[in-house]
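Report on the structure given below.
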Amino acid sequence: MPELFGHTRARVAARHALITPDNHVNSTVPGITGATVVILINEALGAKFAQTLVTFRRGGSASFGQTEVQTFGYVLRGGVTVRLGGKRRRCGAEGFFYVPAGQVCELGAPKAGTQVMLFRKKYVALAGAPAPRAIIGDAANIKGTPFLGDPAASLQVLLPDEPAFDLAVNVFAYQPGGHLPFVEVHVMEHGLVMLAGEGVYRLEDSWYPVRAGDAIWMAPYCAQWFVAMGRQPARYLYYKDVNR
Ligand code: UGY
Ligand code: MN
């Protein structure tokens, strides 16, 4: 539903931001063709990573890699063929891939309207830890676990929790009324997209009604809390820097 003429739910503050689907403006990004690309979060906001929404047309393609930047991609809807690490796999909705820095990944043969959310960050190596491996997976095969014992807040961890990885990407699912158990304040940064449902996100000293399609940036130490509302479960996908 379009928002009221001349109004927006978007807010860009010094240490957090909310971008709604009504705010999207496309960018041309080298390496991505036959697609609209919206850079939701990047260094221009003050973030240390980029979160980008790619919506493919039929025949579109993308290639990433062979740089110091690693890429995590999550298929929001549709389907696309992923070539990575010597493998070629079709990823449908909830499929994901992880491209380590220095490796190449090609996306092709998308169904028209396929949407992929990308999180990209410069890799920080750790002395003594091996380089992370390429991964193609499916969130549908990853079990959620109750967050801090609460069955109304279930967490799926998509990447291995190993020192080689300096980022995590997780899916949080909340039953209506489910909430983060306390207001988090932490050194890790987040990029987030609401996948389903609605709720209220507290960011620093502001409370925002949010729903599917909304993207949020939280700088390190941004106070954060979420409560799911409405009749459907709420789910969000989020990025976090870890292990360094
Ligand atoms: O992993 C996290 O820090 C998570 N609990 N944060 C959040 O959902 N805002
Ligand atoms: Mn957090």
Side-chain angles (χ1 to χ4, degrees), residues 9-20 40-41 45-51 70 72 74 76 94 96 98 117-121 124 132 135 137 139 142-230 232-244:
R9 289 185 297 115
R11 170 100 188 277
V12 178
R15 304 190 45 74
H16 72 264
L18 167 65
I19 311 281
T20 80
L40 294 161
I41 298 169
L45 264 184
K48 296 195 186 63
F49 69 99
Q51 179 175 334
Q70 57 196 326
F72 178 97
Y74 182 95
L76 299 170
E94 295 191 69
F96 64 87
Y98 169 75
M117 188 63 78
L118 301 174
F119 297 97
R120 308 193 75 204
K121 175 191 169 296
V124 179
I135 293 172
I142 295 179
K143 209 172 154 304
T145 54
F147 185 61
L148 300 180
D150 181 358
S154 166
L155 189 67
Q156 288 170 287
V157 176
L158 304 186
L159 288 175
D161 184 13
E162 296 169 6
F165 290 82
D166 72 344
L167 62 80
V169 181
N170 305 330
V171 176
F172 228 135
Y174 297 83
Q175 295 306 312
H179 55 83
L180 277 176
F182 57 90
V183 179
E184 295 181 2
V185 179
H186 54 61
V187 66
M188 300 79 100
E189 185 177 27
H190 288 318
L192 179 156
V193 62
M194 292 293 299
L195 298 174
E198 51 199 30
V200 174
Y201 230 106
R202 175 184 175 162
L203 302 168
E204 300 182 270
D205 290 334
S206 299
W207 282 256
Y208 300 94
V210 294
R211 62 183 175 216
D214 290 348
I216 294 173
W217 170 57
M218 297 173 233
Y221 296 106
C222 168
Q224 57 200 255
W225 181 80
F226 177 72
V227 59
M229 299 180 69
Q232 314 289 334
R235 282 197 312 139
Y236 57 74
L237 173 75
Y238 71 101
Y239 153 94
K240 180 174 185 173
D241 52 302
V242 294
N243 293 333
R244 296 293 182 273

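Whatever order the structure lists them in is the order used to number ligands and atoms, beginning at 1. All residue numbers refer to positions in the sequence shown, counting from 1.
For the pair Asn170 and ligand 1, the shortest N or O to N or O distance does not fall below 3.5 Å.
For the pair Phe182 and ligand 1, no heavy-atom separation below 4.0 Å is found.
Between Tyr74 and Phe96, the distance separating the two ring centers is not shorter than 6.0 angstrom. Two rings, from Tyr236 and Tyr174, have their centers less than 6.0 Å apart.
Residue contact check: Phe172 has heavy atoms under 4.0 Å from atoms 5 (N), 8 (O) of ligand 1. For ligand 1, the atoms closer than 4.0 angstrom to any heavy atom of Tyr201 are 7 (C), 8 (O), 9 (N).
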Kindly list each side-chain donor-acceptor pair under 3.5 angstrom involving residues 159-172, sequence neighbours excluded, with atom names and distances?
unit_1	atom_1	unit_2	atom_2	d
Glu162	OE1	Arg133	NH1	3.1
Glu162	OE2	Arg133	NH2	3.3
Asp166	OD1	Gln70	NE2	2.6
Asp166	OD2	Lys121	NZ	2.5
Asp166	OD2	Val124	N	2.9
Asn170	ND2	Tyr238	OH	3.1

Let me have the donor-acceptor pairs involving side chains of residues 187-199, under 3.5 Å, with sequence neighbours excluded, atom names and distances please.
unit_1	atom_1	unit_2	atom_2	d
Glu189	OE1	Lys48	N	3.3
Glu189	OE2	Lys48	N	3.2
Glu189	OE2	Trp217	NE1	2.9
His190	ND1	Tyr239	O	3.0
His190	NE2	His186	NE2	3.2
His190	NE2	Gln224	OE1	3.0

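Summary: OE1 is the N/O/S atom of Glu184 found nearest to the Mn ion (ligand 2). Atom NE2 is the N, O or S atom of His186 at the shortest distance from the Mn ion (ligand 2). In His190, the N, O or S atom that comes nearest to the Mn ion (ligand 2) is NE2.
A distance-only check finds a donor-acceptor pair linking the side chain of Asp214 to the backbone of Arg211 [under 3.5 Å].
Of all heavy-atom pairs spanning Ala17 and Leu45, the tightest one is CB-CD1, 4.1 Å.
Counting backbone and side-chain atoms alike, Tyr238 contributes no N/O/S atom closer than 2.8 Å to the Mn ion (ligand 2).
Regarding atom 5 (N) of ligand 1, its nearest protein heavy-atom neighbour is Glu184 OE2, 2.6 Å.
Here atom 8 (O) of ligand 1 lies nearest to Tyr236 when heavy atoms of Tyr174, Tyr238, Tyr236 are compared. The residue from Met188, Lys240, Gln224 that puts a heavy atom closest to atom 1 (O) of ligand 1 is Lys240.
When side chains are defined from C-beta on, His16 does not count as touching Ile216, because their heavy atoms never get closer than 4.5 Å.
Atoms CZ and CD, on Arg235 and Gln156 in that order, are 7.0 Å from each other to the nearest 0.5 Å.
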